[in-house]
Amino acid sequence: MPDQNNATEQDILFMQEALQLAEQGAALGEVPVGAVLVQEGEIIGRGFNCPISLNDPSAHAEVQAIRDAATQLKNYRLPQTTLYVTLEPCHMCAGLIVHARIAKVVFAASEPRAGAVESRGCFFSQSFLNHRVVVEGGVLARESAQMLRAFFRARR
């Protein structure tokens, strides 16, 4: 996976926005993960983890951002979009990304326990999928990992 050195200025700006959303989630006691969905250089969806506050196990940051964008655009398909997320997506979110027809995922930190992009499988490269997703990892990974470590350290 490419690292931050290969990231564009736009990648860094959108990931910084996702990190700010992650901070909002952390302030509510949620695991700090944030996501933004971008189309033609504009943010069309925002989200942060909120399964605890919403009593919804599916309320991951990616899901929230995708739901926001789909509602805004009044369309369940979101082609030609890029999802920026502060943590490698899980299998549930990876499936949603494919169903929504998102073109690209840019993530910050790897998720060694449940990451479905590179850590615990390469979901997007499965031959049975009817949609291909371009993936880039490592954009602001250090910042995201530090936020996650601080959050979990404070909870112990």
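On a predicted model such as this, the values are computed, not experimentally measured, just so you know. Side chains included, hydrogens not; waters and symmetry mates left out as well; all remaining heavy atoms used.
Residues A35 and L21 approach most closely at O-CD1, 3.4 Å, considering heavy atoms.
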Using side-chain contact (heavy atoms from CB on, under 4.5 Å), reason through E9 and I12 one step at a time and then give a plain yes or no.
CA-CA 5 Å; E9 185 176 323; I12 292 169; 5.9 Å; no
Let's go through L87 and V31 carefully: what are the C-alpha distance in whole Å and the side-chain angles of both, what is the deciding distance for side-chain contact (heavy atoms from CB on, under 4.5 Å) to 0.1 Å, and is it a yes or a no?
CA-CA 11 Å; L87 188 64; V31 175; 5.6 Å; no
Give the intermediate values and the outcome of side-chain contact (heavy atoms from CB on, under 4.5 Å) for residues L96 and V63.
CA-CA 7 Å; L96 175 60; V63 173; 3.7 Å; yes
Verify side-chain contact (heavy atoms from CB on, under 4.5 Å) between I97 and V105, making sure each step is shown before the conclusion.
CA-CA 8 Å; I97 288 162; V105 172; 3.8 Å; yes
Between T81 and Q39, is the side-chain hydrogen bond (donor to acceptor under 3.5 Å, both in side chains) condition met? List the steps.
CA-CA 5 Å; T81 59; Q39 186 176 57; over 6 Å; no
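A donor-acceptor pair shorter than 3.5 Å cannot be found between the side chains of D68 and T71. Under 3.5 Å, the side chains of R67 and Q64 contain a donor-acceptor pair of N or O atoms.
Looking at L28 and C50, their side chains never come closer than 4.5 Å, going by heavy atoms from C-beta outward.
Between F123 and H91, the ring planes lie perpendicular to each other; the angle is over 60°, past the 30° to 60° tilted range.
Environment of CZ in R113: sparse, with no more than 12 heavy atoms of neighbouring residues, nucleotides or ligands closer than 6.0 Å. Under a cut-off of 6.0 angstrom, the local environment of CD in Q146 is crowded, with over 12 non-hydrogen atoms contributed by other residues, nucleotides or ligands.
Note that CG of N49 is 12.5 Å distant from CD of Q24, once rounded to the nearest 0.5 Å. Note that CG of L37 and CD1 of I43 are 9.5 Å apart. Values are rounded to the nearest 0.5 Å.
E30 places a side-chain N or O within donor-acceptor distance of the main-chain N or O of S53, the cut-off being under 3.5 Å. Judged by distance alone, the side chain of E88 and the main-chain N or O of E118 form a donor-acceptor pair under 3.5 Å. Side chain of R77 to backbone of H99: a donor-acceptor contact under 3.5 angstrom is found. Without hydrogens or angle criteria, Q126 side chain to C122 main chain gives a donor-acceptor distance under 3.5 Å.
Checking V139, T86, V135 one by one against F107, the side chain to side chain contact (heavy atoms under 4.5 Å, CB included) holds for a single residue, V135.
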